[in-house]
Amino acid sequence: MNNNENIIKLEQVVFSYPGSNITTLNHLDLEINRGDRLGMMAPNGSGKTTLLHTIMGLCKPNSGIIKIFGKQLKNEKDFAPIRTKIGLLFQDSDDQLFCPTVLEDVAFGPLNLGFSQEDAIKIARETLAKLGIEDFEQSVTHRMSGGQKRLVALAAVLAMQPEVLLLDEPTAGLDNKVKNKLINILNNIDITFLVISHEFDFIKAVTDKIYSMEEGRVLTDDKIHIHRHEHVHKHGRHPHVHK
Amino acid sequence: MIEEKFAFGNSFIHRLDPKARIIAVIILSFAAALCDNLNIAILYFIVSIVFIGLAKLNVKDVFKRIKPVFWFLLMLWILLPITFEGEIIYKFYWLEISTEGIIMCCKITIKSITILLFFTSLVATMNIASLGNGLHKLYVSDKMIFLLLMSYRYIAVIEDEYKRLLRAAKFRGFKPKTNVHSYKTFAYLAGMLFVRASLRAQRVHQAMLCRGFNKKFYTLDVYESDRSNFIFLIGVFITLATLVVLELYQGLFFGN
């Protein structure tokens, strides 16, 4: 379903945090097309989270062009309507779930979009049901486990009915059960997404292409093909396997 | 962690609109606090007991909830009778216990317990979101309501973070003592907590922006505005008016 429609396009974006002389994003180019299922694996501190925040307009670049849905975005006013169409799943779910109960949290987005109370509740319930967590509806957010919080945060993002999902290390700190659930959800969802993760198995299971980042730039070159292989060193004093 | 033990129930009080309950609790508490007659204070106390009964709360849990105030009252009972000037009813060497002091203690005890019981029966019987909703409908500024809701949501997270920091310190052999090193360590912990809280606040704000936050307060509670709210408030007003009139003309009734 890749019809090459450009959704997000970053051109020569430069960003450095105020007071720091390290250029976090250094003339970075990135294109995300409709239907893309991208993965991003890169070392810590290589600017992945900053990249996502720049796309959302939470970090203001020093220079460069950000085009989303074909429109160039410059200031807070341009970004505000875009944010409802791009869903960002934060690294720490506690940052994202700020309402007292689950249902309120999931309905927060739809209410901001101008849906009536009944519609917002309906959307929230449907989204929770889609993720199979409708039983948590009345749970109090701060009493839930890490895995439950992550799923609720995802529901809260999906309830906005975004066109693109940006997932920032969605599997961090989760057990295999919740991880498999996430894989299932992402594989059955008809949405463009970019997922950042350190887990090769997870990224491989949900994405078509894997990018990397180095020195503030995205490496999309097909020659830099991230993959894993196993080989055995059977000779020598300590035979061992490299995974 | 904040418990909302009384928030879920199915009594007359639980079904009332948060707005009506907040109005009732404010005027009842003010009236009880301003009351200056022991006999009338006892009547207020009886009214508060009636509210607890109406909310069908477990008496044992209510007692547990108001227990901390007894420590405060105990202190008063130790200090007030011997420091308050007035008619002395008992003298032990230089210790002089005055009638007025004891009456004062009784008043403070009854009034503070009464006000706590009002809040337990009327405010503790709603969850924090409903409280926010009620305050919103009473035109309290949205900023204040967000402050309340956010504190409720994040106080547990901050507590967690504090415990984590303290544990990390303890794992490295930190034992709190009364010395400069300990004070310094606690100051670092507190400082770290502030830094983390402020960073988290930034991230939460970003997350809210990402979901289209436009500084408006929305709530999902639906409370039908039926006649019971009106009747409840009328009942509260009548009771109050009676008690206030009683106090104003107390001479006629109690011969004071």
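Everything numeric here is computed off the predicted structure, so don't read it as measured data. When reading the values below, keep in mind they use all heavy atoms of this one structure, side chains included, and skip hydrogens, waters and symmetry mates. Letters A, B, ... mirror the listed sequences (proteins, then strands); counts begin at 1.
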Does atom [atom1] of [X] have more than 12 heavy-atom neighbours from other groups under 6.0 Å away?
X        : atom1 : result
B:Phe194 : CZ    : no
A:Lys130 : NZ    : no
B:Met150 : CE    : yes
B:Phe186 : CZ    : yes
B:Ile234 : CD1   : yes
A:His198 : NE2   : yes
B:Phe230 : CZ    : no
B:Tyr188 : OH    : no

Using a 4.5 angstrom heavy-atom cutoff, name the option from A:Val140, A:Leu97, A:Thr84, A:Val157 with the most pairs to chain B. A:Leu97
Count the heavy-atom pairs under 4.5 Å between each of A:Gln96, A:Gln117, A:His53, A:Glu76 and chain B, then report the option with the highest count. A:Gln117
So which part of A:Ala80 gets closer than 4.5 Å to some heavy atom of chain B, the side chain, the backbone, both or neither?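 Neither part.
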Given heavy-atom pairs under 4.5 angstrom as the criterion, report whether the side chain, backbone, both or neither of A:Ala153 touches chain B.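 Nothing of A:Ala153, per the 4.5 Å heavy-atom cut-off to chain B.
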Please evaluate residues B:Gln206 and A:Leu88 with respect to the criterion side chain to side chain contact (heavy atoms under 4.5 Å, CB included), reporting the C-alpha separation (whole Å), side-chain torsions for both, the decisive distance (0.1 Å), and the verdict. CA-CA 10 Å; B:Gln206 290 179 337; A:Leu88 170 62; over 6 Å; no
A:Asp94 with B:Arg153: basic N within carboxylate O range, under 4.0 Å: yes
Look up atom [atom1] in [X] and atom [atom2] in [Y], then write down how far apart they are to the nearest 0.5 Å.
X        : Y        : atom1 : atom2 : value
A:Phe98  : B:Arg203 : CZ    : CZ    : 14.0 Å
B:Asn127 : A:Glu104 : CG    : CD    : 7.0 Å
A:Leu111 : B:Phe213 : CG    : CZ    : 12.5 Å

Within residues 109-121 of chain B, which residues come under 4.5 Å of chain A, heavy atom to heavy atom? none
State, to 0.1 Å, how close A:Met160 and B:Gly212 come at their nearest heavy-atom pair, and which atoms those are. CE-N, 4.3 Å
Give me the atom names and distance for the closest heavy-atom approach of B:Cys210 to A:Phe90.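 In this case the closest contact between B:Cys210 and A:Phe90 is SG-CE1, 4.2 Å.
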Considering only heavy atoms from C-beta outward, does the side chain of A:Leu58 approach that of B:Gln202 to under 4.5 Å? no
Portion of B:Ile128 that has a non-hydrogen atom of chain A nearer than 4.5 angstrom: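 Side chain of B:Ile128 only, per the 4.5 Å heavy-atom cut-off to chain A.
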For the backbone of A:Asp105 and the side chain of B:Arg211, can you confirm whether one donor and one acceptor N or O come within less than 3.5 Å of each other? yes
